[in-house]
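Not measured: the values here are computed from a predicted model.
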Amino acid sequence: MIYENDKQLINIIKYTPPIFIITISIIITLFLSLEKQITLNKEKYLIKNEYIKTNKENVKNDVDNLHKFILKTQEQTETKLKDNIKKRVYEAHSIAMKIYEENKSNKSKNEIKKLIQDALVDIRFNAGRGYFFIYSFDYECILLPIAREKEGTNFYNFKDGEGQFLTRNIIKQLKESKEGFLSWSFNKPGDKETQYKKIGFNMYFEPFDWFIGTGEYFVDFENDVKKEVLEYVSRIVPNDKNYFFILDYDKKTLFHIREELINKAAQEVTNIREPRIFEDMLFIAKKGEGFISYEHKLLNIESFLTKTSYIKGLNNWQWILGKGFYQDDMQELINKKTEKLNDEFKKKITNLISVASVLTFLLLLISIYISKIIEKKFKKHEKEIQKYIDEKNKQQHMLSQQAKMAAMGEMLGNIAHQWRQPLSVITTAATGMKLQKEFDALDDESFERSVDNITNSALYLSKTIDDFRNFFKSDKTEVSFDMEETFDKVFKLMEGQFKTNDIIFIKKIEKIKAFGLENEFIQALINILNNSKDALMERETPRLIFINVYEENSKAIIKIKDNAGGIDKEIIDKVCEPYFTTKHQAKGTGIGLYMTEEIIVKHMNSSFTINNCEFEYENKSYKGVEIMIGINL
């Protein structure tokens, strides 16, 4: 016969090598998997950084180029405006001269003047804003299409918005050079408060000593240029993910690939998760330039994507220029890299499994052969081993019996100690009921109270047996319990005795969850409170027991103190020794505090201390004993 340990040893020899190979294979597989994951994470990090860096450079270059284009366009705006109005005045001068040449021989001067007026009065250009005016060198208004009622009046004292004599300045200029540009300030129709810059071109018309001219508000022409710029931007949009967007400083959309968003205010835009992002864009634009990331929704896609945009301000037009890219697009690059690494990993794992399988099979054959040899060796020593085990078993049995007897004796002594007081209560209650019955003084209330005392004491006796039996079991079960509920159980078991003896509890118990042997903890608390009760019985009222339970430094702290006068300093260090007691033999055996310390310190791995204390309560000074328990949470 081969013993169990021998069989285990043989099995270890037989199966350890293949298990070792398999374990090593698993470890290598895990290592390769971890290495693959680390490599993948590094690749993801590099791909992400490179993607973001490259795209940031691209959108920044695009926005910077657009910004430069607009600045160049702005520089050319006044030149374009001057070319525009000069060309128009040349056309008007040509028309007037042609009419004069064709009619000077057969019509009067007044008739020719009328023909020229009629020819020019209805001509409009620059989106209907432009018109021609004619004045004589005598400052008389000959033609003013927007205010015909002023024709024939003298403009000698006419001033512009800055107080300059405009007509005088034009005539002075034309007397020197026959034609020229002139700038002045004037309010626009419908806006009498603001003065706007206006650029005019005037040309001398010699036949009638006139000058013909026109003017254009710079801001109006600039608005046309802005529209041209926006039109230009609309022609360079490649797709719905790579486009410019332009806002003004009022956070209104001036240009976007999605036409339905144009001219919408920020609060009306629904394709951005947080509209406050427009405030950040405005801040960046006013500051100059910078990047910003936010959640953005593409057309026909419900989910929001992370977008990073480059923002640049165009302060003189109060425009916010921007272009961005979607970080989610880099996921496709990451997926391709992941797929490649997974393929490489599968190849490595396949090779590893093949090698491990062959080695496992060979080692299994070798180990089986070796195990058979060892098994024969074990059988030779079977008799000697069996003899040794038999002797060992006899010794073990004797020691076990001795331990059981010792434990039984201790348990009986503890039970006797715990039973003495409840048996006294039962005897007293029964005797009292008998006497009251004999004198016909036993009423229902006294009967029920006595029966309750007997019942509670009997239940306590039964519970004590269970508690002590559990105390000596090796399979004690630890549970989660609530301090407040546990103390309630203790009070229910003992409240009759304490009420009878006029003992008052002052409690401050927090709801704290602890983990341990609740039944044994209850037994320990009962022992402590019984000791306080016995000490208080020797004193006059008030008889007080203070209970304070709170959490501190990850511990449940339980402090129980009374006003029974304390313990003599010479014996306070001995009160937890077995069979040491200061009570009369009829009241105790000295096991209570010993068992309490055993439960708290050894079974619950917590702290237990006893000290004398002095304190005040309701303006009175008292002395007593304070027991402090610290339970690890």
Side-chain angles (χ1 to χ4, degrees), residues 56-91 124-131 180-186 188 191 194-201 214-239 242-259 261-264 266 278 281-292 309-325:
K56 275 188 171 182
E57 289 176 355
N58 290 339
V59 296
K60 183 179 185 301
N61 288 336
D62 289 346
V63 173
D64 285 343
N65 289 335
L66 177 60
H67 187 266
K68 291 176 183 176
F69 168 77
I70 295 175
L71 289 179
K72 187 175 181 180
T73 301
Q74 289 177 342
E75 292 173 0
Q76 298 172 349
T77 299
E78 186 167 334
T79 301
K80 289 177 67 176
L81 171 57
K82 288 182 174 180
D83 290 344
N84 177 273
I85 59 176
K86 181 177 180 180
K87 180 180 177 182
R88 292 296 184 179
V89 172
Y90 270 37
E91 291 173 356
R124 296 290 184 272
F125 46 91
N126 291 347
R129 301 187 305 271
Y131 60 89
F181 292 101
L182 197 66
S183 296
W184 63 90
S185 295
F186 210 69
K188 296 173 67 174
D191 186 357
T194 308
Q195 298 293 323
Y196 295 91
K197 177 183 178 181
K198 195 168 186 178
I199 298 177
F201 181 77
T214 188
E216 174 74 298
Y217 289 103
F218 183 82
V219 66
D220 289 339
F221 192 80
E222 190 177 45
N223 286 335
D224 288 344
V225 173
K226 289 179 182 179
K227 291 177 183 177
E228 292 176 6
V229 170
L230 294 175
E231 179 64 26
Y232 166 78
V233 175
S234 69
R235 294 195 297 270
I236 59 175
V237 175
N239 57 60
N242 184 13
Y243 58 87
F244 290 101
F245 58 87
I246 300 175
L247 314 172
D248 62 19
Y249 279 12
D250 292 326
K251 292 167 289 183
K252 184 177 72 174
T253 304
L254 300 179
F255 174 77
H256 197 280
I257 192 172
R258 292 172 61 176
E259 294 184 2
L261 298 179
I262 295 177
N263 292 323
K264 275 194 174 182
F278 291 108
M281 289 182 179
L282 177 59
F283 176 79
I284 293 172
K286 287 183 176 181
K287 186 179 66 174
E289 58 189 3
F291 287 95
I292 187 171
S309 294
Y310 177 71
I311 304 299
K312 196 176 184 77
L314 191 66
N315 289 325
N316 55 350
W317 279 4
Q318 294 195 330
W319 278 12
I320 302 172
L321 309 179
K323 190 176 186 182
F325 63 93

**Item:** Contacts of Trp184 that satisfy ring-ring contact (aromatic ring centres under 6.0 Å, His included) - sequence neighbours left out
**Value:** none

**Request:** Indicate the atoms forming the closest heavy-atom contact of Ile320 with Ala285, along with that distance.
**Result:** CG1-CB, 3.8 Å

**Prompt:** NZ/Lys68 to CG/Asn61 distance, rounded to the nearest 0.5 angstrom?
**Reply:** 8.0 Å

**Request:** List the atom of Phe291, the atom of Ile284, and the distance in Å for their closest heavy-atom pair.
**Result:** O-CD1, 3.9 Å

**Asked** Just how far is it from atom CG of Leu247 to atom CG of Leu254, taken to the nearest 0.5 Å?
**Response** 7.0 Å

**Asked** Does any donor atom in the side chain of Asn316 or Gln74 lie under 3.5 Å from an acceptor atom in the other side chain?
**Response** yes

**Prompt:** In Å and rounded to the nearest 0.5 Å, what is the CZ to CG distance from Phe244 to Asp62?
**Reply:** 4.5 Å

**Prompt:** Would Glu289 and Asp64 count as a side chain to side chain contact (heavy atoms under 4.5 Å, CB included) if you check the C-alpha gap in whole Å, the side-chain angles of each, and the deciding distance to 0.1 Å?
**Reply:** CA-CA 10 Å; Glu289 58 189 3; Asp64 285 343; 4.1 Å; yes

**Prompt:** Just by distance, do the side chain of Thr214 and the backbone of Tyr131 share a donor-acceptor pair under 3.5 Å?
**Reply:** yes

**Request:** Could you label the plane-to-plane angle of the Tyr217 and Tyr196 rings as parallel, tilted or perpendicular, counting under 30° as parallel and over 60° as perpendicular?
**Result:** perpendicular

**Message:** How long is the straight-line distance from CG of Leu71 back to CG of Leu66, given to the nearest 0.5 Å?
**Reply:** 9.5 Å

**Asked** Of the non-hydrogen atoms in Lys188 and Val219, which two are nearest, and what is the gap between them?
**Response** NZ-CG1, 4.1 Å

**Request:** Find out whether Ile85 and Phe221 are in side-chain contact, i.e. whether some heavy atom of one side chain is under 4.5 Å from a heavy atom of the other.
**Result:** no

**Request:** Can you measure from CZ (Phe201) to NZ (Lys86) and round to the nearest 0.5 angstrom?
**Result:** 5.0 Å

**Prompt:** Below 4.0 angstrom, N of the basic side chain to O of the carboxylate: do Glu78 and Lys82 qualify?
**Reply:** yes

**Request:** List the steps and the verdict of side chain to side chain contact (heavy atoms under 4.5 Å, CB included) for Tyr243 and Phe255.
**Result:** CA-CA 10 Å; Tyr243 58 87; Phe255 174 77; 5.6 Å; no

**Item:** Greater than 12 external heavy atoms within 6.0 Å of Phe69's CZ
**Value:** yes

**Message:** Between Tyr232 and Thr73, is the side chain to side chain contact (heavy atoms under 4.5 Å, CB included) condition met? List the steps.
**Reply:** CA-CA 11 Å; Tyr232 166 78; Thr73 301; over 6 Å; no

**Request:** Could you tell me whether Arg88 and Glu91 have a side-chain N and a carboxylate O separated by less than 4.0 Å?
**Result:** yes

**Prompt:** Any side-chain heavy atom of Trp319 within less than 4.5 Å of one from Val229?
**Reply:** yes

**Asked** Hey, is Lys80 close enough to Asp224 for a salt bridge, meaning N to O under 4.0 Å?
**Response** no

**Item:** Asp248 side-chain N/O to Asp250 backbone N/O, donor-acceptor pair under 3.5 Å
**Value:** yes

**Asked** Where do Leu314 and His67 come nearest, in terms of heavy atoms and distance?
**Response** CD1-NE2, 3.6 Å

**Request:** Check whether any side-chain N or O of Asn315 sits under 3.5 Å from a backbone N or O of Gln318 as a donor-acceptor pair, and report yes or no.
**Result:** no

**Fill in**
dist Leu230:CG -> Ile262:CD1 (nearest 0.5 Å) comes out at 8.0 Å

**Message:** Please find the pair of heavy atoms, one from Phe245 and one from Lys323, that lie closest to each other, and give the distance.
**Reply:** CE2-N, 3.7 Å

**Asked** What's the shortest heavy-atom distance between Ile199 and Ser183, and which atoms?
**Response** CG1-OG, 3.7 Å

**Request:** In sequence, state the C-alpha distance, the side-chain angles, and the governing distance for Lys227 and Glu231, and then conclude on side chain to side chain contact (heavy atoms under 4.5 Å, CB included).
**Result:** CA-CA 6 Å; Lys227 291 177 183 177; Glu231 179 64 26; over 6 Å; no

**Asked** Looking just at side-chain N and O atoms, do Asn84 and Asn126 make a donor-acceptor pair shorter than 3.5 Å?
**Response** yes

